[in-house]
Amino acid sequence: MKKIGIFVCQLLLISLFAGSTSASPAGWSPLLEAAPLLNMLSTQDSVRVLHLTGDYDAAHIPGAVNAPYARFRGPEDNAGQLPPMTELTTLVQELGIAADTPVVLVHAGNGPVDMGAATRVYWTLKSLGIEQLAILNGGLSAWQEAGFPVSNEPVTVTASSFQPEWNDQYQATTVQIEQMLNDSGTQIVDARPAAYFRGEQSTAARAGTLPGADNISFTQFFAGSRMQVSTELADTLSGTLDRSADSTVTFCNTGHLGSINWFVISELGGYENTRLYAESITEWAQDASRPMMNEP
């Protein structure tokens, strides 16, 4: 395992690299603070802000487009499933997004769980080939707490002709998980609170977790609604994960909380070959023949 100092340096390198990419606005980073975003929006007209959760009609960042989180999710029986590719294509085109559009994702900022909407959409758009993605740390609440303006005027944009192609690099399917359970080179991370990991609570057909999984609860990365990028975050990861592992897979109940861990491990931590099991325990537990750990 790498030492914490190396991890922190890598965080800085990721941020600097993101900000220095030729097509990226100055100050660009996967996790943006409100002030840099305000500056970008005042100097760049190419940045697309997507409002994912909360009452868009009541208040949103000026220029933000309404992009309800539910449109990026699957059916009611397992919201972790991906919508059909045709629906995702229509959605990104309606939002005026092309492969090189800088996209900032904004959630309401109602707590750590709300961040999962932004990280899940980030993962989805990255898998669709969008090259520049960022999340507003703390969401709309952080923007308003900073005293920055909001609007209640709806925003319409010109549709794009972008034809995305799904990249499997960031996804782990149920079939792949079945194979990975026997692969010593794969580390599996349960992002849910400890009670779910231990099988004491469940919203799925069966309680428990994936065999061999470690538990890194998503809550450890937050102070209030804000994600904390610090040596404590680095310590949390390096104390559990092996950077030299062949692959890392995160999951939860429906890929919402798991996407938070995916974002931290992959986009902030720089762990290569990090994947999200989007359908997560909700799908896994439906088949009684699939093994579970910590099942009562």
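Computed from a predicted model, the values in this text were never measured in an experiment.
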Would F221 and T236 satisfy side-chain contact (heavy atoms from CB on, under 4.5 Å), going step by step from the backbone distance to the final call? CA-CA 9 Å; F221 304 129; T236 297; 4.1 Å; yes
Show your working on side-chain contact (heavy atoms from CB on, under 4.5 Å) between E279 and T254 and close with a plain yes or no. CA-CA 5 Å; E279 296 81 5; T254 62; over 6 Å; no
Take I130 and I97 through the test side-chain contact (heavy atoms from CB on, under 4.5 Å) and record every step on the way to the result. CA-CA 8 Å; I130 312 303; I97 296 173; 3.5 Å; yes
Begin from the C-alpha positions of W166 and Q171 and carry the test side chain to side chain donor-acceptor pair (under 3.5 Å) through to its verdict. CA-CA 10 Å; W166 185 261; Q171 179 184 20; 2.9 Å; yes
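Side chains of M115 and F222 form a contact here, defined as non-hydrogen atoms less than 4.5 Å apart. You'll find the side chain of W28 reaches within 4.5 Å of the side chain of V104, heavy atoms only. Two residues are said to be in side-chain contact when any heavy atoms from C-beta on lie closer than 4.5 Å; V249 and W262 fail this criterion. Under the 4.5 Å side-chain criterion, counting only non-hydrogen atoms from C-beta, L88 is in contact with T124. Side-chain contact between L125 and L50 is present, with at least one heavy-atom pair separated by less than 4.5 Å. Side-chain contact between R48 and P102: absent, with no pair of heavy atoms (C-beta onward) separated by less than 4.5 Å. With contacts defined as side-chain heavy-atom distances shorter than 4.5 Å, the pair L268/F263 qualifies. Looking at L82 and R73, their side chains never come closer than 4.5 Å, going by heavy atoms from C-beta outward.
L95 and L128 fall within the same hydrophobic cluster, where Ile, Leu, Val, Met, Phe, Trp and Tyr residues are linked whenever their side-chain heavy atoms come under 4.5 Å apart, directly or through other members. There is no path of hydrophobic side-chain contacts, each under 4.5 Å, that joins F197 to V264. In terms of hydrophobic clustering, with Ile, Leu, Val, Met, Phe, Trp and Tyr side chains grouped at heavy-atom distances under 4.5 Å, F218 and Y196 are assigned to different clusters. The cluster map of Ile, Leu, Val, Met, Phe, Trp and Tyr, joined by side-chain heavy atoms under 4.5 Å apart, puts F148 and V49 in the same cluster.
A search for ring-ring contact (aromatic ring centres under 6.0 Å, His included) contacts involving F251 returns nothing, not counting sequence neighbours. For E33, the salt bridge (Lys or Arg N to Asp or Glu O under 4.0 Å) test picks out R226, with sequence neighbours left out. In terms of the salt bridge (Lys or Arg N to Asp or Glu O under 4.0 Å) criterion, E87 has no residue partners (sequence neighbours excluded).
For T101 (side chain) and A98 (main-chain N/O), a donor-acceptor pair under 3.5 Å exists by modelled atom type. Between the T119 side chain and the G116 main chain, a donor and an acceptor come within less than 3.5 Å of each other. At distances below 3.5 Å, at least one donor-acceptor pair connects side-chain atoms of S225 with backbone N or O atoms of G111. A donor-acceptor pair under 3.5 Å is absent between the side-chain atoms of S160 and the main chain of G96, judged by distance alone. Checking side-chain atoms of W143 against main-chain N and O of I61 turns up no donor-acceptor pair under 3.5 Å. Listed for the W284 side chain is a donor-acceptor partner under 3.5 Å among the backbone atoms of P291. In this structure, the side chain of R275 engages the main chain of D168 through a donor-acceptor pair within 3.5 Å. Here the side chain of S280 pairs no donor or acceptor atom with the backbone of T282 at under 3.5 angstrom. Between the side chain of Q132 and the backbone N or O of S24, at least one donor-acceptor pair lies under 3.5 Å. The backbone N or O of I281 lies less than 3.5 Å from no partner atom in the side chain of N253, so there is not a single donor-acceptor pair.
Closest heavy-atom contact between L32 and A134: CD1-CB, 3.7 Å. The minimum heavy-atom distance linking T89 with P164 is given by the pair OG1-CG, 3.6 Å. Across all their heavy atoms, C252 and G258 have their closest contact at SG-N, 3.1 Å. Among all heavy-atom pairs drawn from A117 and T53, the shortest one is CB-CG2, 3.6 Å. For A172 against Y277, the heavy-atom pair with the smallest separation is O-CD1, 3.3 Å. Nearest approach of A58 to N152, heavy atoms of both residues: O-CB, 3.8 Å.
The CG atom of L52 sits 8.5 Å away from the NE2 atom of H107 when rounded to the nearest 0.5 Å. With values rounded to the nearest 0.5 angstrom, S202 atom OG is found 12.0 Å from N294 atom CG. The line from OG of S127 to CG of L276 is 8.5 Å long, rounded to the nearest 0.5 Å. If you take OG1 on T86 and CG on L91, they are separated by 11.0 Å, rounding to the nearest 0.5 Å. Once rounded to the nearest 0.5 Å, the distance linking CG of L37 with CD of Q44 reads 11.5 Å. For the atom pair L257 CG and R120 CZ, the distance stands at 11.0 Å (nearest 0.5 Å).
Ionic pairing of E131 and K126 is not present here: no N-O contact between side-chain nitrogen and carboxylate oxygen is shorter than 4.0 angstrom.
Judged as a ring pair (Phe, Tyr, Trp, His ring centres under 6.0 Å), the pairs with a partner in residues 38-85 (not counting sequence neighbours) are, in order, H51-Y56, Y56-H60, Y69-H256.
Applying the 6.0 Å contact sphere to CG of D45 captures no more than 12 heavy atoms from other residues, nucleotides or ligands.
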Identify all side-chain donor-acceptor contacts of residues 209-216 below 3.5 Å with residues at least two apart in sequence or on another chain.
from	atom 1	to	atom 2	distance (Å)
T209	OG1	D190	OD2	2.8
N215	ND2	D190	O	2.9
N215	ND2	R192	O	2.9

Show me the donor-acceptor pairs, under 3.5 Å and distance only, between side chains in residues 176-189 and residues at least two apart or in other chains.
from	atom 1	to	atom 2	distance (Å)
Q176	OE1	T173	N	2.9
Q176	OE1	T173	OG1	3.4
E178	OE2	R290	NE	3.3
D183	OD1	G185	N	2.9
D183	OD2	T186	OG1	3.3
T186	OG1	S247	OG	3.0
Q187	OE1	D242	N	2.9
Q187	NE2	D242	O	2.9
Q187	NE2	T248	OG1	2.8

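In the model, T274 has no side-chain atom that pairs as donor or acceptor with a side-chain atom of S266 under 3.5 Å.
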